Novice: 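Before I ask anything, let me first share the structure, which is written out below as C-alpha cells.
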Amino acid sequence: RDYEYLVGMPISTLTAEKVDELMRQHENKQSELKKLQKKKIESMWLEELEELEQGLDERDRVIKEEAEIEAAKIKKARAKVASGKPAPRAKRNLTRENSAPATRKTEDAAPAGKKRRT
C-alpha cells in the first residue's frame, strides 16, 4: 500500500506546490532507477569500492592532521618545560561541596545523642 501515507496526511499539506515537489521527486527517483537498472553489478561494485576507498583516505588524512597537531602541542609543552617555564595547568572547577577542606571527625563532630566508642 504505497498510498497509505497520503491518507494520514492533513488536507492542508496537499497544496499545488507540494504536489509539484512530490512529482519532481518521483521523476528524479524514476530516472535514478532507470540508471541503476542499466548498470552492471560489477560496475556498481567497483564504484562503491572507489567511494569507500576515498572515504577511508579522507579519514586517514584527518587522523594524520590531528596527530600532527597533537605532536606540535606536545613539542611546545616540552620546550616550555625545558626553558624553565611551568606548563599551563587546567583550572579546577570547585563546587561548594568539594571546595571545603576535609575535616577530621572528632567527638565534637559526632551527631547529637550518639557517643563515640572508645
Side-chain angles (χ1 to χ4, degrees):
R1 311 245 173 161
D2 296 333
Y3 59 88
E4 285 189 17
Y5 72 97
L6 292 173
V7 175
M9 191 182 287
I11 196 72
S12 62
T13 61
L14 299 176
T15 62
E17 293 84 14
K18 186 68 172 178
V19 171
D20 290 341
E21 179 186 340
L22 289 172
M23 293 302 287
R24 279 192 304 275
Q25 288 178 359
H26 176 74
E27 289 170 6
N28 290 339
K29 294 299 177 183
Q30 286 294 328
S31 66
E32 284 181 37
L33 177 62
K34 287 178 185 177
K35 287 178 186 176
L36 287 174
Q37 287 174 337
K38 289 179 183 179
K39 285 186 179 180
K40 292 184 179 181
I41 293 174
E42 292 83 8
S43 65
M44 290 172 62
W45 173 255
L46 292 173
E47 288 175 9
E48 289 177 0
L49 285 176
E50 182 64 32
E51 288 178 28
L52 176 62
E53 189 174 341
Q54 289 174 357
L56 291 174
D57 289 344
E58 175 65 19
R59 184 201 63 179
D60 292 344
R61 185 189 61 76
V62 169
I63 289 172
K64 183 178 178 183
E65 286 178 1
E66 290 173 351
E68 288 172 355
I69 291 170
E70 188 66 24
K73 287 180 183 178
I74 292 171
K75 184 178 179 181
K76 185 177 179 180
R78 285 183 179 160
K80 281 186 180 181
V81 170
S83 68
K85 294 181 184 177
R89 294 182 181 235
K91 293 182 181 180
R92 290 179 55 191
N93 185 10
L94 297 177
T95 61
R96 181 172 235 167
E97 297 152 356
N98 65 3
S99 63
T103 57
R104 295 176 83 190
K105 287 189 177 184
T106 60
E107 287 184 31
D108 297 334
K114 292 187 177 182
K115 290 187 178 180
R116 196 174 153 168
R117 286 186 161 177
T118 55

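Note that the coordinates shown come from a computational prediction; the quantities given were computed from them, not determined experimentally.
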Novice: Atom CD in Glu42, atom CE in Met44: separation rounded to 0.5 Å?
Specialist: 10.5 Å

Novice: Please round to the nearest 0.5 Å and tell me the distance separating atom CD of Glu32 and atom CD of Gln30.
Specialist: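 The CD atom of Glu32 sits 10.0 Å away from the CD atom of Gln30.
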
Novice: Nearest 0.5 Å, what's the CG-CD distance between Leu56 and Glu51?
Specialist: 12.0 Å

Novice: Within a reach of under 6.0 Å around CG of Leu52, are more than 12 heavy atoms found that belong to other residues, nucleotides or ligands?
Specialist: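 Correct, the count exceeds 12.
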
Novice: State, yes or no, whether a side-chain contact exists between Lys18 and Thr15 at a heavy-atom distance under 4.5 Å.
Specialist: yes

Novice: Could you give the distance from CE (Met23) to CG (Asn28), rounded to the nearest 0.5 Å?
Specialist: 11.5 Å

Novice: Can you measure from CG (Leu49) to CD (Gln54) and round to the nearest 0.5 angstrom?
Specialist: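 Going from the CG atom of Leu49 to the CD atom of Gln54 covers 11.5 Å.
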
Novice: If you measure from OG on Ser83 to CZ on Arg78, what distance do you get to the nearest 0.5 Å?
Specialist: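 Going from the OG atom of Ser83 to the CZ atom of Arg78 covers 14.5 Å.
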
Novice: Check this for me, if you would: do Glu21 and Arg24 make a salt bridge, where the nitrogen-to-carboxylate-oxygen distance has to be below 4.0 angstrom?
Specialist: no

Novice: Checking side chain to side chain contact (heavy atoms under 4.5 Å, CB included) for the pair Ile69/Lys73: CA distance, chi angles, key distance, verdict?
Specialist: CA-CA 6 Å; Ile69 291 170; Lys73 287 180 183 178; 4.0 Å; yes

